[in-house]
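Quick caveat, the model's predicted, so the values are computed rather than measured.
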2 protein chains.
Amino acid sequence: MKTSTNQGLTTTDRTVTTYTTVPLPPCKVCSGTSTGFHFGVITCEACKAFFRRALLQKQNYKCAKDDNCAITDTRLGNCSACRLKKCFALGMSKGGVRRGRYSIALRTKAIIEARSLEGREIIVSMSSSSYSYESHKAVQQKTKKEPMDISDSDSNSLLESEDSKSPTGYMPEEEVELKNLIDTLVSCQDIMYPHIRKYFENKESVQKYHEQIHERYKIKQEMFGTENNISTEEFQQIFAETGLDPDDRLTMFDQKGRSMEHYIQQVINFAKVIPGFKSINSRDVAKLLKASHYEFWMFGYFQAIDSKLQVCGGEDLVDSHISDMSKFFSEDFIKEGMKFADSLKQLQLSIEETALIRAILLTFTDRCTLDEPEKIGNLQLKYISCLIYHLQTHSDQPGKRLAAIFDRLYVARSLSHRNIEVNQEFLHSWGFLIHEYPLWKEMLAYSGNE
Amino acid sequence: MKTSTNQGLTTTDRTVTTYTTVPLPPCKVCSGTSTGFHFGVITCEACKAFFRRALLQKQNYKCAKDDNCAITDTRLGNCSACRLKKCFALGMSKGGVRRGRYSIALRTKAIIEARSLEGREIIVSMSSSSYSYESHKAVQQKTKKEPMDISDSDSNSLLESEDSKSPTGYMPEEEVELKNLIDTLVSCQDIMYPHIRKYFENKESVQKYHEQIHERYKIKQEMFGTENNISTEEFQQIFAETGLDPDDRLTMFDQKGRSMEHYIQQVINFAKVIPGFKSINSRDVAKLLKASHYEFWMFGYFQAIDSKLQVCGGEDLVDSHISDMSKFFSEDFIKEGMKFADSLKQLQLSIEETALIRAILLTFTDRCTLDEPEKIGNLQLKYISCLIYHLQTHSDQPGKRLAAIFDRLYVARSLSHRNIEVNQEFLHSWGFLIHEYPLWKEMLAYSGNE
DNA sequence: GAATGAGGTCACAAGGTCAG
DNA sequence: CTGACCTTGTGACCTCATTC
Ligand SMILES: [Zn+2]
Ligand SMILES: [Zn+2]
Ligand SMILES: [Zn+2]
Ligand SMILES: [Zn+2]
């Protein structure tokens with residue numbers, strides 16, 4: 001009969017993103033149109049064939065130039081030696097490659113991780129400890145064996161999407177499981193950060209609160225003028241010589257310090273409590289918490305930021321205007337953060353989404369060297385599955401929304417990197433006061449790996 | 001045996017196999033039998049080797065005559081100097097040549113473009129802006145960065161056909177995408193030109209309509225005789241002297257003018273709405289619309305023409321007999337158009353094919369100088385993919401049909417060139433009345449390149 | 001049944017060869 | 001020198017095992 005479906009023209013149209021999943025980034029080797037993971041890396045059909053051929057018949061390619069030719073779209077001539085070199089540098093290899101269908105969650109996770117690796121070929125190739133490939137290389141389930149594993153047993157099969165609809169009351173076990181996990185995460189968040197829910201449920205009062213902060217700032221401004229612009233150096237000199245606190249900077253520091261100590265304590269408690277984290281060794285937990293600090297805060301408190309009024313505050317935060325914050329941190333960076341918070345607001349995240357996202361961003365395995373990367377990777381997979389399930393049942397465009405969320409996650413990571421630098425500067429200037437706030441200090445001192 | 005396995009095309013038997021694409025035109029240099037693209041141009045083996053050799057050992061050929069010898073498909077007697085010159089004039093060059101296999105759509109596009117260049121060597125070589133080689137030379141998209149591109153993605157307009165999935169329910173994503181694009185194009189056409197569909201669905205009533213027009217013409221003819229043959233000059237003289245409209249010419253002009261204004265407005269709206277066009281800058285859009293005007297109309301309204309009765313008309317057109325039209329345009333040209341319309345009718349184009357063809361002919365990048373030729377080229381590739389897909393699923397001889405369609409497109413382009421000249425004459429004679437119809441005026445004023 | 005990636009096939013265009 | 005034919009790297013498309 002008709003059959004005859006799939007054929008021709010597949011590749012030409014892959015350029016356009018598919019709606020149901022996170023979009024595939026371009027070929028890591030040549031920037032052409034990618035068609036999935038090949039030998040462990042997202043590449044185009046051409047680079048895939050090239051690499052396969054290279055493995056097959058060990059051609060001794062020689063670069064005619066300096067071994068650093070750019071590999072662009074290879075439809076035009078390219079240096080084969082450098083192309084192959086780049087393939088290896090990106091981690092392409094024959095072994096441990098995944099086969100068969102991906103669950104949506106796994107696929108999403110793999111792509112996100114690949115994206116977060118952008119422009120890091122060399123590092124990876126040098127360090128040779130490529131955790132980051134875990135997810136699409138030999139993700140394999142050893143699971144089975146282990147008796148322990150995560151709150152919710154094994155069953156890493158996960159939703160399957162597809163049916164998922166349950167208007168009739170009945171609900172498959174897996175769905176129940178995911179639903180429970182979501183509820184639990186939200187509850188944990190509610191318990192540890194009871195105020196966060198208010199940002200979702202009382203947006204008007206939050207708005208008023210922000211206006212008040214702004215009001216107070218204006219009054220202060222009128223009383224004392226705008227000449228608060230004492231530089232960090234000037235301030236420290238005055239303080240050293242006179243012991244005075246000319247612009248309440250120290251008071252603010254202490255406020256912030258106390259607030260952060262409490263906040264961080266709750267982060268730790270959150271991690272202790274949420275499903276799956278209990279079984280992770282504490283060294284890894286500590287690393288994960290430190291590495292995701294900025295993002296974890298941002299996705300919890302983006303609604304506490306008002307980029308128009310340039311204020312930030314809430315019942316569980318230190319209220320402050322950007323002019324206060326910039327006494328400690330780079331104003332540019334603060335503004336970037338505010339802009340980012342704005343973009344999150346536009347997404348209109350729900351509290352469930354927020355809790356799930358925060359769980360996901362806690363469990364990126366490629367932020368640092370971990371003792372149990374697979375375990376944590378599987379955990380993240382679970383959270384991603386929950387998010388996908390939640391979107392499928394609560395959004396009319398789940399694929400698009402998922403992509404949008406992961407796009408934000410991606411951007412947040414780059415901000416997070418900036419934050420580490422900013423924190424270094426902060427510590428340099430204010431480290432002499434930090435000893436009273438050990439948790440904060442530890443958080444600030446995190447500089448990348450360990 | 002049977003086993004329906006799929007090839008590039010339908011699989012009646014396995015005999016078909018061959019990728020019946022558009023036939024390859026003869027060698028651009030010597031008119032011999034071509035063997036594909038060589039150094040960017042469709043040539044024969046001989047010319048390919050000749051050009052390669054010429055690049056290798058830079059012989060200084062000298063023409064014994066006047067540097068304009070004809071190059072023929074003979075083994076001996078070709079002037080090497082002129083042959084090489086012609087090679088260069090046609091755009092042959094070593095750089096940026098495609099490697100590897102072609103996708104069906106790309107190959108089709110490349111050949112079509114090559115054909116449309118016939119007899120234009122010199123122009124191309126002078127302008128040195130050889131857009132037309134884009135498709136087989138470094139077509140590729142740098143895309144990557146752009147949030148980009150084309151079609152579906154948001155589908156912010158129009159029905160978008162949500163379901164659209166055919167009887168059997170499931171369908172691979174890529175196919176769904178192509179199908180959606182086709183549906184969307186058809187819908188756009190339906191919305192902007194609601195009457196076009198009637199030409200497809202009520203051929204009998206169209207036929208009757210045409211007969212009525214002819215009837216009226218005959219009646220008028222009997223009443224007033226056939227001596228309406230006042231020439232343009234005579235008419236204008238009478239009009240200038242008396243202000244009279246002896247043969248209703250001015251009334252017809254106004255009718256036509258109003259009709260065209262509306263039609264062109266719908267062309268613009270069509271372009272605003274169809275997937276992919278939204279992201280093209282308006283300067284390019286304007287150029288494309290103007291350059292394809294004639295063809296776009298023809299492929300939309302060929303069924304409104306009856307070459308036997310020599311009439312043209314429909315609900316959204318100005319009904320007229322050839323004797324009316326020839327008051328404004330060259331009768332020869334009108335007859336050519338009618339003949340062409342007839343050939344289109346014989347093809348029995350479906351409404352989907354029509355919509356796709358119209359999208360394709362809007363996006364030829366070699367009609368004029370464009371700001372974003374690659375983008376538009378990629379867009380056209382998309383439309384061509386859709387057409388190929390549609391033919392594969394709806395025609396029993398997709399390859400043949402594709403070739404036939406592109407053959408018509410090719411002929412249409414030459415008519416389009418004639419049309420530009422005809423329009424110049426028209427403007428010359430009737431420009432003094434055109435100011436009330438600014439869109440029409442702009443369309444008519446188009447003379448090739450901006 | 002649907003999706004995915006390894007491996008395979010062969011269309012395609014350079015570049016080379018060698019009788020004419 | 002010419003051009004039919006061959007060799008080679010390439011990449012679009014297909015098949016199939018695997019996994020969900
Ligand atoms: Zn590539
Ligand atoms: Zn090189
Ligand atoms: Zn030739
Ligand atoms: Zn000559």
Nearest whole angstrom, please: distance from the C1' of C/dG8 to the CZ of A/Phe50. 18 Å

Please state how far atom CG in A/Leu55 lies from atom P in C/dA6, giving the value in whole angstrom units. 11 Å

Write down the atom of A/Ile71, the atom of A/Cys79, and the distance for their closest heavy-atom approach. CD1-O, 4.0 Å

Rounded to whole angstrom units, what separation is found between the CG atom of B/Leu76 and the P atom of D/dG3? 8 Å

As an exercise, state the distance from CD of B/Glu177 to CD1 of B/Ile182, rounded to the nearest 0.5 Å. 10.5 Å

Classify the side chain of B/Arg101 and the base of D/dA12 as holding, or not holding, a donor-acceptor pair under 3.5 Å. yes

Should the pair A/Arg83 and A/Phe50 be classed as cation-pi, given the thresholds of under 6.0 Å to the six-membered ring centre and 45° from the axis? yes

Contacts of B/Thr72 meeting side chain to side chain contact (heavy atoms under 4.5 Å, CB included) (sequence neighbours excluded), chain-then-number -> B/Thr74, B/Asn78

Rounding to a whole Å, what distance do you find between B/Asn78:CG and D/dT2:P? 9 Å

Spacing between B/Tyr61 atom OH and D/dC1 atom P, to the nearest angstrom: 6 Å

Under 4.0 Å between a Lys/Arg side-chain N and an Asp/Glu carboxylate O for B/Arg101 and A/Glu45? no

Plane angle bin for B/Phe88 and B/Phe51 - parallel if under 30°, tilted between 30 and 60°, otherwise perpendicular: perpendicular

Going 5' to 3' through nucleotides 13-20 of chain C, assign each nucleotide B (protein heavy atom under 4.0 Å from a base atom), S (under 4.0 Å only from sugar-phosphate atoms) or - (no protein heavy atom that close). SBBB----

Could you state the CE-P distance from A/Met92 to C/dA6, rounded to the nearest angstrom? 8 Å

Can you tell if the side chain of A/Met92 reaches within under 4.5 Å of the side chain of A/Thr43, non-hydrogen atoms only? yes

Under 4.0 Å from OP1 or OP2 of D/dG11: is there any side-chain N or O of A/Arg83 that close? yes

May I ask you to say what B/Thr33 touches in the nucleic acid, namely base, sugar-phosphate or nothing, with a heavy-atom cut-off under 4.0 Å? nothing

Nucleotide D/dC20, atom P - distance to CG of A/Leu381 in whole Å: 11 Å

Which whole-number value in Å describes the distance from A/Leu106 CG to C/dG5 C1'? 13 Å

Tell me whether the OP1 or OP2 atom of D/dT10 has a side-chain N or O from A/Ser80 closer than 4.0 Å. yes

